[in-house]
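Report on the following structure.
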Amino acid sequence: MAAKIRLFVDQPLSPGQSVALSDAQAHYLFGVMRLAEGAPVTLFNGRDGAFSAEVARAHKRNGTLAVVERTAPMVPPPDLWLLFAPIKKARTDFIVEKAVEMGAARICPVQTDFTNSERIRQDRLQAHAVEAAEQCGATYVPEVAELAKLSALLDRWPEGRRLMFCDESLTGEPARLAAAKPGPWAILIGPEGGFSDPERARLHGLPFATPVSLGPRILRADTAAVAALTLWQTTLGDWR
Ligand code: SAH
C-alpha cells in the first residue's frame, strides 16, 4: 500500500470535525493522487498533533475531509534557530527544506555584509517548509521569518540563547561544540563570500557566541547548514 498522504491544514483539529479543502489541496488529493471518498489521509496543523481523517466529499476544485481521531501528539523540535544568509533561489529553497527535516524550530534569513541576495519571498519559503514537514512526518512547522539584518538581530539578541557561529576561518580545526550545554540555541551560516572582518570580529567578541569549525574543507553554505544542524543535533539535540 502506498504511504498515507500527510496534509498540513491551518486550522484547529479535533475528532469529528469537517475540514474544507482549498482549491490546491483538492487538486492535489483528487486530481494528482486520485483519492476517492473514504480514502485515509493524515492531517496536522503544527499545534494539535497528527489526526487520521477520511475523504468525505471529493470534487475537482473542492472537497471535505472528516477528522477521525488523534493518532500522535505534537512533537516540537529542539529550540534551535537556523540563521543563514540567503543565496541563489534553488539553494535557499534547499536550506529551508533541509532545516525542517533536520529539526530546526525557526528559520531566519539574515542579511550580512556579503549577502548575495537582497530580498526573499517569505511566503514561498514558508510553503517549502510546510511541504517538507508533510514529507518528513513532522507534526510541527517551523516559521520562516522575514529577512532581517544580522547586525540588528545581534543588537537585540534574546537573553539565554547561545549562537553557534560557523566560522570558515576555523576550517581545519576539529569540528566540535566544546563544553556546550543544551538549551535555546541558534546556528549562523554565512553567504558564499563568507563573513566580513568586522562581522567576524564582532561575533568573536559576543559572550553568547561559540565560534565553530565544520571540519577540514570549506563547505558551500547549503552543505554547511546541513552539517551544522547534524553536529548540533548529535551533540545537544534530539539525535542523542
Ligand atoms: N567564501 C568563503 C567561504 C564561505 S562558505 C571562503 O572561501 O572562506 C559559506 C558559509 O558556510 C561560511 O560563512 C560558514 O558559515 C560556513 N562554512 C563553510 N565551511 C566551513 C567550515 N569548514 N567551518 C566553519 N564554517 C564553514
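Computed over heavy atoms, backbone and side chain alike; hydrogens, waters and symmetry mates excluded. Throughout, numbering of the chain's residues begins at 1 and tracks the sequence.
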Within the structure provided, determine whether [X] and [Y] are in side-chain contact (heavy-atom separation under 4.5 Å).
X      : Y      : answer
Leu80  : Leu236 : no
Arg124 : Lys89  : yes
Val100 : Ile107 : yes

With a 3.5 Å distance limit and no angle check, can you tell me whether [X] reaches the backbone of [Y] through a side-chain donor-acceptor pair?
X      : Y      : value
Arg161 : Asp79  : yes
Arg6   : Ala133 : yes
Arg57  : Asn62  : no
Gln17  : Pro12  : yes
Thr139 : Met74  : no
Glu134 : Phe8   : yes
Glu192 : Ile87  : no

Identify all side-chain donor-acceptor contacts of residues 145-154 below 3.5 Å with residues at least two apart in sequence or on another chain.
none

Does the distance from a Lys or Arg side-chain N to an Asp or Glu carboxylate O, for [X] and [Y], drop under 4.0 Å?
X      : Y      : value
Asp113 : Arg200 : no
Lys98  : Glu101 : yes
Arg106 : Glu143 : yes
Asp93  : Lys88  : no

Let me have the donor-acceptor pairs involving side chains of residues 219-230, under 3.5 Å, with sequence neighbours excluded, atom names and distances please.
| from | atom 1 | to | atom 2 | distance (Å) |
| --- | --- | --- | --- | --- |
| Asp222 | OD1 | Arg91 | NH1 | 3.3 |
| Asp222 | OD2 | Arg91 | NH1 | 2.8 |
| Thr230 | OG1 | Val226 | O | 2.7 |

Item to check | Same cluster (ILVMFWY, side-chain, under 4.5 Å), Trp157 and Leu206 | outcome: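 Same hydrophobic cluster.
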Side-chain polar contacts of residues 171-183 - donor-acceptor pairs under 3.5 angstrom, sequence neighbours left out - could you list them?
| from | atom 1 | to | atom 2 | distance (Å) |
| --- | --- | --- | --- | --- |
| Thr171 | OG1 | Glu168 | O | 2.6 |

Item to check | side chain to side chain contact (heavy atoms under 4.5 Å, CB included) between Ile187 and Phe84, intermediate numbers included | outcome: CA-CA 8 Å; Ile187 289 170; Phe84 75 99; over 6 Å; no
Item to check | side chain to side chain contact (heavy atoms under 4.5 Å, CB included) between Phe51 and Phe44, worked out | outcome: CA-CA 6 Å; Phe51 293 77; Phe44 67 106; over 6 Å; no
